[in-house]
Every structure is written in C-alpha cells, then in structure tokens.
Chemist: 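I'd like to ask you about the structure that follows.
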Amino acid sequence: MSLEFRFAVASDLHIALPHTIWDNPYRFHLVEVSIPALELIFQHLAQLDLDFLLLPGDLTQHGERENHAWLEQRLAQLPFPVYVVPGNHDVPVFRGDEKTISWADFPSYYQKFGYDNPKQLYYTCEILPGVRLIGLNSNNFHEKGDQIGRLDDTQLEWLKGVLATAKEELILVMIHHNVVEHLPGQSQHKMGRRYMLENAPQLLEILRPKVQLVFTGHLHVQDIAEDRGIYDITTGSLVSYPHPYRILHFRADELGRKWLQVESHRIDSLPEWPNLPNFSREWMGDRSLQFMLRLLTEPPLSLPLETARELAPSLRYFWADIAAGDGMFDYPNFPPKARRFFQNFSATGSDRTPAMIDNYATLLL
C-alpha cells in the first residue's frame, strides 16, 4: 500500500498575551515574539497543502487560562487539522487558580485538537487513512507537588492496548519530554535529565515493535536522535533562537519502503525585530553566564569556580549553537578534559565525521 502526506511541527510556542508577560533576567525565552511569530508561521503554512500540524507541548508560557483560551480560538481558524499535547509550562500546577489551569483542565481546552475525552490527558486517533497518532501526557507530579516528566502506569497500560489493536500502516507518537538522548549523557547529567522522560527506556520498549517516529519538544533544540530504530525528532522553540519550525513529507511505496523528508524553517524577521536571529542570539548569550558556570563546575567536569570563570566567556554562544542544530564545537585553549567534553556535542557520527541531519534529512525507515 502506498502512502504519502505532508505535515508541520512547531514546538514550545510559549504563547503569552502581552499583559501576561513578566520579566526574569535569566529567561532564555523571548516570549515577546510568541504571537507575531506564530502568526507568521500560520501565514506560511496556510499556503501549503498540509495534512496536519503537530504541536508537542509548552503551548503557553505559564499555563494561563487566557493564553490557553486565545490559542484554542486561533487554532480553530486554521485550514488544516491540529493536534496538541501538554508541556510542563501548560500544566505547571496540579490544582489551578483563577489565572492558571489545573493539570486536569488541559483536555477541555483542546477537544478539537486530538482530545475526545475531557477527563484524559492522552489520546489516539486515526488522522489519515492508514495513519494513527498517539498523543501522550508526560507531565506528572510527586506527592510533594513537584512536577516530573513521567508516564504513569495507567497510561502505559492504555498505550499497550492501543498498540496491540492498531491496524494502521503508520503510527506516529507525540510527547513533550525527550525519549531518546539528544545531548551526550543527557539522561545522566543533572542539567540534562530534567528534559528526559524518567521512564523513557520503558516507553521505548513498548513502542519498538510498531513505532519508528516520535515527535518531542521541551529541550528547545533542533535535533534528530535514534535508538535502535526509533527516531526522536525534537523541534526547537518558537520563542528561542533560531525560532525554527519543521515541514515534513512522508512517503511509503507498494514495496514497503518508507521515507521521511525533514526540512527546517526559521523566522528571520518580525515588525519589531527586523533582525530576529541576531537579537535572540545575543539575548541568549547575555543570559548564558550562570548556565555555563553550572555546566563547568558540576559533574562530569567539576572544574574549580575560578577556572570556570575564565572559560565561560568563550561559551557565550554555546547553547545558541546547540539550539540551532548541526553544531560543531572545539575550544582548543580549554584543558584537555573540557575540550573533549565540548567536542562531544558536535554533530558527528560514530566515526567522528560530520553528520548534519538535525535540520535537513531524509530518513529511510
């Protein structure tokens, strides 16, 4: 059976109506651009013959009721179907208040965008003939009320049942937290594991017989990672450098061969930000010092603070270049251990040759 369709992915929109924005000197998110940037994306996508759009979480900046309501109304005006899942910013508290929705409120705002059960934060639906989407909720809370990225046992059992009965030729999965590492040692590093699903290995084993494509967000980087046949395609944030979104083209022929062509686009200019990439790159660089000091002084590098302060200025754009995808890194003046550590973030294959697939790639599935 042949199959062909085209779709888009935009992640971590962090929609914030102007009066809901509050400043934080360490905020990497340039949330001021969220609505004009989204409108520019919608303008572009409306010109394409798209079959659907995926939004893998962090739809709003802090789960504000009015920001969710604004987005719900705006998505309903689009000429193609849209499917969403919640991110940690969308459901930041278990119990809501007059400003912020509760964890359980999310499906009621997005019943036109995947959710058919207002009491369940995950869903499945056939989005095209032969294509099934599974939208998972990776946001949960400890008994003390702290937010964590984890699939509970009830959802995992539900997922097993869905996969056992699914007849579609292709199954796509969307979830906010990463399920495959996109950074070296991400699941083990104190700063990186908060972006990983805590029980990712368990989820991957459940998915592996039938699923090859998983779409995530949360990390705010452009990256494609693979684990034994499962691709985790994570998309950078609309409100962070380089302000990307993706357009993807899937094809399957009658011989069973399958391809996914991935192309990335960026927002280069907005009315109040004529050179948006340069502005947001500097915005991120201005806020990067404390982040880099933590990276240098915590394991596995554990450098003395004095040494870290000497090296940190050279890393001003390190995270921006990670976020852009396909980065190559070498700091020859760094101590050998630190130099090797940062070289490992380069977009290279196992043989250390360049492997530029984060923004443009054709994946043979």
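Model, not experiment: these values are computed from the prediction. Here, residue 1 is the first one in the sequence, and each next residue gets the next number.
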Chemist: List for me each residue that meets side chain to side chain contact (heavy atoms under 4.5 Å, CB included) alongside Phe80, sequence neighbours excluded, and say none if there are none.
Modeler: Leu45, Leu50, Leu53, Leu78, Val82
Chemist: For the residue pair Leu364 and Tyr231, what are the closest heavy atoms and their distance?
Modeler: O-OH, 4.4 Å
Chemist: Any luck finding a side-chain donor-acceptor pair between Tyr245 and His44 under 3.5 Å?
Modeler: yes
Chemist: Do we see a donor-acceptor contact under 3.5 Å between the side chains of Ser187 and Glu181?
Modeler: yes
Chemist: Apply ring pair (Phe, Tyr, Trp, His ring centres under 6.0 Å) to Tyr83 and Tyr110, showing your working.
Modeler: CA-CA 9 Å; Tyr83 301 95; Tyr110 297 100; over 10 Å; no
Chemist: Checking side chain to side chain contact (heavy atoms under 4.5 Å, CB included) against Thr60, which of Thr100, Leu13, Asp90 comes through?
Modeler: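 Output: one option passes, namely Asp90.
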Chemist: Could you go through the salt bridge (charged side-chain N to carboxylate O under 4.0 Å, His left out) check for Glu39 and Arg74 one step at a time?
Modeler: CA-CA 9 Å; Glu39 293 293 357; Arg74 186 63 186 90; 2.9 Å; yes
Chemist: Do the side-chain N and O atoms of His249 and Glu4 include a donor-acceptor pair separated by under 3.5 angstrom?
Modeler: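 A pair is found: one side chain offers a donor N or O, the other an acceptor, under 3.5 Å apart.
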Chemist: Tell me if the CD atom of Gln77 is crowded by more than 12 foreign heavy atoms within 6.0 Å.
Modeler: yes
Chemist: Check the angle between the aromatic planes of Tyr195 and His218 and answer parallel, tilted or perpendicular using the 30° and 60° thresholds.
Modeler: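 Rings of Tyr195 and His218: tilted, as their planes differ by 30° to 60°.
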Chemist: Taking the inter-plane angle between the rings of Phe106 and Tyr115 on a 0 to 90° scale, is it parallel (under 30°), tilted (30 to 60°) or perpendicular (over 60°)?
Modeler: perpendicular
Chemist: Closest approach of His220 and Ser240, non-hydrogen atoms and distance?
Modeler: ND1-OG, 3.4 Å
Chemist: Residues in ring-ring contact (aromatic ring centres under 6.0 Å, His included) with His243, at least two apart?
Modeler: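 Expected list: none.
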Chemist: Evaluate side-chain hydrogen bond (donor to acceptor under 3.5 Å, both in side chains) for Asn88 paired with His176, printing each intermediate quantity in order.
Modeler: CA-CA 8 Å; Asn88 57 302; His176 187 58; 3.0 Å; yes
Chemist: Checking side-chain polar atoms at under 3.5 Å, does Asp105 have a donor or acceptor matched by the opposite partner on Ser102?
Modeler: yes
Chemist: Could you check whether Phe345 and Phe329 have their ring centres less than 6.0 Å apart?
Modeler: no
Chemist: Regarding Gln222 and Asn359, is there a side-chain donor-to-acceptor distance under 3.5 Å anywhere?
Modeler: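 There is such a pair between these side chains.
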Chemist: Same cluster or not: are Leu276 and Tyr241 linked, directly or through other Ile, Leu, Val, Met, Phe, Trp or Tyr residues, by side-chain heavy atoms under 4.5 angstrom apart?
Modeler: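 In one cluster with Leu276: Tyr241, no.
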Chemist: Which residues pass the salt bridge (charged side-chain N to carboxylate O under 4.0 Å, His left out) test with Lys160, sequence neighbours left out?
Modeler: Glu157
Chemist: Could you tell me which non-hydrogen atom of Ala324 sits nearest to which non-hydrogen atom of Arg266, and how far apart they are?
Modeler: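 In terms of heavy atoms, the two residues are closest at O-NH2, 3.4 Å.
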Chemist: Rounded to the nearest 0.5 Å, what separates atom OG in Ser264 from atom CD1 in Ile224?
Modeler: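 One gets 7.0 Å once the value is rounded to the nearest 0.5 Å.
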Chemist: Treating Ile, Leu, Val, Met, Phe, Trp and Tyr as nodes and any side-chain heavy-atom pair under 4.5 angstrom as an edge, say whether Ile233 and Leu365 lie in one connected cluster.
Modeler: yes
Chemist: Please evaluate residues Gln111 and Asp116 with respect to the criterion side-chain hydrogen bond (donor to acceptor under 3.5 Å, both in side chains), reporting the C-alpha separation (whole Å), side-chain torsions for both, the decisive distance (0.1 Å), and the verdict.
Modeler: CA-CA 6 Å; Gln111 293 185 62; Asp116 58 356; over 6 Å; no
Chemist: Return the set of residues passing side chain to side chain contact (heavy atoms under 4.5 Å, CB included) with His189 (not counting sequence neighbours), or none when no residue passes.
Modeler: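 His189 satisfies side chain to side chain contact (heavy atoms under 4.5 Å, CB included) with Met191, Leu295, Pro300 once adjacent residues are dropped.
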Chemist: So, Asp232 versus His182: side-chain donor-acceptor pair below 3.5 Å or not?
Modeler: yes
Chemist: Treat each ILVMFWY residue as a node, draw an edge where side-chain heavy atoms are under 4.5 Å apart, and state whether Phe334 and Leu289 are in one component.
Modeler: no
Chemist: Scan residues 196-217 for pairs that pass ring pair (Phe, Tyr, Trp, His ring centres under 6.0 Å), counting only residues two or more places apart or in two chains.
Modeler: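 As it turns out, the ring pair (Phe, Tyr, Trp, His ring centres under 6.0 Å) pairs with a partner in residues 196-217, which skip direct neighbours, are Phe7-Phe215.
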Chemist: Taking atom types as modelled and ignoring hydrogens, do the side chains of Gln147 and His142 form a donor-acceptor contact shorter than 3.5 angstrom?
Modeler: no
Chemist: Other residues, nucleotides and ligands only: do more than 12 of their heavy atoms fall within 6.0 Å of CG on Asn24?
Modeler: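 Yes - once you tally the heavy atoms of other residues, nucleotides and ligands closer than 6.0 Å, there are more than 12.
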Chemist: Distance alone, cut at 3.5 Å: any donor-acceptor contact between the side chains of Glu263 and His265?
Modeler: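 Indeed, the side chains of Glu263 and His265 share at least one donor-acceptor pair under 3.5 Å.
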Chemist: Test of understanding: with salt bridge (charged side-chain N to carboxylate O under 4.0 Å, His left out), list the residues that count as partners of Arg246, not counting sequence neighbours.
Modeler: none
Chemist: Show me the pairs that pass salt bridge (Lys or Arg N to Asp or Glu O under 4.0 Å) and involve residues 268-296, at least two apart or across chains.
Modeler: Arg281-Asp321, Glu282-Arg316, Asp286-Arg316, Arg294-Glu298
Chemist: Would a line drawn from the ring center of Phe291 to the ring center of Trp319 be shorter than 6.0 Å?
Modeler: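 So the answer is yes for these two rings.
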Chemist: List, by chain and then residue number, the residues other than Ile206 in its hydrophobic cluster (Ile/Leu/Val/Met/Phe/Trp/Tyr, side-chain heavy atoms under 4.5 Å); write none if there are no others.
Modeler: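 Reading the cluster by chain and number, Ile206 sits alongside Tyr122, Ile134, Leu136, Leu151, Leu156, Trp158, Leu159, Val162, Leu163, Ile171, Val173, Ile175, Val179, Val180, Leu197, Leu203, Leu204, Leu207, Val211, Val214, Ile230.
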Chemist: What distance separates Asp152 CG from Arg150 CZ, expressed to the nearest 0.5 Å?
Modeler: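 The CZ atom of Arg150 is 9.0 Å from CG of Asp152, to the nearest 0.5 Å.
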Chemist: Tell me which donor-acceptor pairs under 3.5 Å the side chains of residues 26-38 have, and how far apart each pair is, sequence neighbours excluded?
Modeler:
from, atom 1, to, atom 2, distance (Å)
Arg27, NH1, His29, O, 2.5
Arg27, NH1, Glu32, OE1, 3.3
Arg27, NH2, Asp23, OD1, 3.2
Arg27, NH2, Glu32, OE2, 3.1
Ser34, OG, Ala16, N, 3.2
Ser34, OG, Val31, O, 3.0

Chemist: Could you give all pairs that pass the salt bridge (Lys or Arg N to Asp or Glu O under 4.0 Å) test and reach residues 207-228, with sequence neighbours left out?
Modeler: Glu205-Arg208, Glu205-Arg228, Arg208-Asp227
Chemist: According to a hydrophobic-cluster definition based on side-chain heavy atoms being under 4.5 Å apart (Ile, Leu, Val, Met, Phe, Trp, Tyr only), do Val221 and Tyr317 belong together?
Modeler: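 No; tracing contacts between hydrophobic side chains, which count when under 4.5 Å, never links both residues.
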Chemist: Can you name the nearest heavy-atom pair linking Phe113 to Tyr123, along with the distance?
Modeler: O-OH, 3.8 Å
Chemist: Provide the closest heavy-atom pair for Asp12 versus Ser237 in the form atom of the first, atom of the second, distance.
Modeler: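 Taking every non-hydrogen atom into account, O-OG, 2.8 Å.
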Chemist: Of all residues at least two apart in sequence or in a different chain, which pass the side chain to side chain donor-acceptor pair (under 3.5 Å) check with Gln343?
Modeler: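 Listed in chain order: Asp330.
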Chemist: Kindly give the heavy-atom pair with the smallest separation between Pro107 and Pro118, and that separation in Å.
Modeler: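 Closest approach of Pro107 to Pro118: CB-O, 3.7 Å.
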Chemist: Just jot down the side chain to side chain donor-acceptor pair (under 3.5 Å) partners of Ser302, sequence neighbours excluded, or say none.
Modeler: none
